[in-house]
Protein chains: 2
Amino acid sequence: MRYSHKLSDAVHILAYIEIYHDDSLSSTAIAASVESNPALVRRLMVALRQAHLLTTQQGTSQPRLTRSPSDVTLLDIYRAVEDEPNLLHVDDKTNPLCIVGGNIQATLREAYQEVQHAAETQMAQITLERLITQIWTRQRQREAADQAEN
Amino acid sequence: MRYSHKLSDAVHILAYIEIYHDDSLSSTAIAASVESNPALVRRLMVALRQAHLLTTQQGTSQPRLTRSPSDVTLLDIYRAVEDEPNLLHVDDKTNPLCIVGGNIQATLREAYQEVQHAAETQMAQITLERLITQIWTRQRQREAADQAEN
DNA sequence: AAAGATGTAACAATACGAGTAACAACTAGA
DNA sequence: TCTAGTTGTTACTCGTATTGTTACATCTTT
C-alpha cells in the first residue's frame with residue numbers, strides 16, 4: 001500500500017487555522033508549517049471547504065472553521081479529503097470461472113467492510129478538539145523540557 | 001490513498017491452495033485464477049512462506065498450508081504480505097519550529113495507532129476458514145441460480 | 001492602481017505496484 | 001541420465017497516483 005499524507009496534512013491545516021487564528025492564515029504561511037507548498041494546501045482546502053469544514057474567501061487570507069473542533073472528527077476529515085474511502089481494496093480482476101476467483105470478490109468486500117467499519121468507528125471517536133489539546137500538551141511538555149535543560 | 005491488491009491476492013492464493021488441493025497448484029495455475037502472472041504469485045508466496053503460513057518445495061508444484069484455516073486470520077495474512085503495516089500515514093516532514101508542525105506528528109501517530117488497533121482487532125476475527133466457507137456458499141448460490149435459469 | 005491572496009489548471013518529478021522476461025536450481029518422470 | 005516443468009530470484013519496464021512547480025485569472029484591501 002502506497003501512502004499519502006492527505007489526511008495528516010488536512011488535520012494539520014485545520015489545527016493550524018484554529019491555533020493561529022489571530023495570525024496570518026495564508027496558504028503560504030500554512031505551507032511553511034506543513035513544509036509543503038501553497039498549491040497543495042489550497043487543493044486540500046478546496047476539499048475541506050466542499051465538506052463544509054471551513055470557509056474561505058478569495059483574496060483574503062482568512063479561512064475559518066465552520067464547526068466547533070469538538071464537533072469535527074477524524075472521520076469527517078478523512079471523508080473530506082480521501083477520494084478513495086476504503087482502506088483495503090479488492091482485486092476486481094479475477095477469473096470468474098474459478099470457484100475462488102468467481103466468489104472471492106464479494107467475500108472479501110464483505111470482510112473488508114467490517115474492517116472499514118471498525119476503523120471508521122474509531123476515527124469517529126477522535127475529535128479535532130482532542131488532537132488540538134494534545135498538540136498543546138506536547139508543546140508545553142517540550143517547553144518545560146527546554147527550560148529544564150537550561 | 002493508492003491501493004494495492006497484495007492482501008486480496010494473498011487470501012486468494014491461500015484459498016485456492018485449500019480448495020484445489022487435489023489439482024495442480026503451480027504458480028501458473030494460481031495466476032490464472034488471480035488473472036495475474038506467476039511471478040506475482042511466487043513473490044506473494046515467498047512472504048506467506050516467511051510468515052509460516054504455507055510450505056513450498058522448489059520444483060514441485062505442491063504448496064501446502066501449514067496451519068488449519070480456522071487458525072489463520074486476515075490479520076496474519078495482512079502482516080505477512082504488507083511490508084508497510086500501517087493503514088494511515090503521518091507526514092514526517094513538518095516544521096518543528098511551529099506549534100502544530102512540532103507536535104502533530106506524535107499526536108497523529110497516537111491517534112492513527114488507535115485506528116490501526118481497531119482495524120486489526122476486526123481483522124483478527126476474520127478467519128481464513130470463514131472466508132473459504134463463504135466462497136463455497138456463494139458458489140452454491142450461483143450454481144442454484146444457474147439451475148433456476150435453465 | 002498596486003500588492004497580495006485565492007481558485008484553478010497544466011505539467012514535471014517522483015514513488016510504487018504490477019507486468020514481463022530471464023535464468024539458475026530443483027524435482028519428477030521417461 | 002536426460003528432459004520437461006516448476007520454483008526462487010532478479011532486473012527492467014509500464015501505468016498510475018501523489019506531490020512539486022509554475023502560471024494566471026480573479027478577488028480583496030490599501
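Everything quoted here is computed from the prediction, not taken from an experiment. We name chains A, B, ... by the order of the sequence lines, and we start the count at 1 in each one.
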**Item:** B/Ser68-B/Asp71 side chain donor-acceptor pair, cut-off 3.5 Å
**Value:** no
Of the listed D/dT7, C/dT6, C/dA18, the closest approach to the B/Ser4 side chain comes from C/dA18
Between CZ of A/Arg42 and P of D/dT21 the distance, given in whole Å, is 14 Å
query = Ignoring hydrogens and geometry, is there a side-chain-to-backbone donor-acceptor pair from B/Thr66 to B/Leu53 under 3.5 Å?
reply = yes
Between CG of B/Asn37 and P of D/dC14 the distance, given in whole Å, is 16 Å
From the candidates D/dT9, D/dG20, D/dT7, the one with an atom nearest any side-chain atom of B/Ala39 is D/dT9
message = Do A/Glu143 and A/Gln139 pair up side chain to side chain, a donor and an acceptor below 3.5 Å, judged on atom types alone?
response = yes
Does either side chain, that of B/His12 or that of A/Thr94, offer a donor lying less than 3.5 Å from an acceptor on the other one?
no
For this session: State whether the side chain of B/Thr60 and the backbone N or O of B/Gln57 hold a donor-acceptor pair below 3.5 Å, judged by distance alone.
Result: yes
(Q) For a quick check under 3.5 Å, do A/Thr55 and A/Arg64 share a side-chain donor-acceptor pair by atom type? (A) no
_Ion pair check, B/Lys6 and B/Glu84, cut-off under 4.0 Å_ = no
Separation of C/dG17 atom C1' from A/Lys93 atom NZ, nearest Å, is 13 Å
B/Leu7 atom CG is separated from C/dA18 atom P, nearest whole Å, by 11 Å
Taking any heavy-atom pair under 4.0 Å as a contact, classify B/Leu25: base, sugar-phosphate, or nothing.
sugar-phosphate
To the nearest angstrom, the CD1-P distance between B/Ile17 and D/dT7 comes to 10 Å
Taken to the nearest whole Å, CD/A/Glu84 to P/C/dC16 is 19 Å
Within residues 51-62 of chain A, those residues having any heavy atom closer than 4.0 Å to DNA chain D are A/Gln57, A/Gln58, A/Gly59, A/Thr60
Check this one for me: any side-chain N or O of A/Arg49 less than 4.0 Å away from OP1 or OP2 of C/dG7?
yes
B/Arg43 atom CZ is separated from C/dC16 atom C1', nearest whole Å, by 12 Å
Next item on the list: Ignoring backbone atoms, test whether B/Ser36 places a side-chain nitrogen or oxygen under 4.0 Å from the OP1 or OP2 oxygen of C/dG19.
Entry: yes
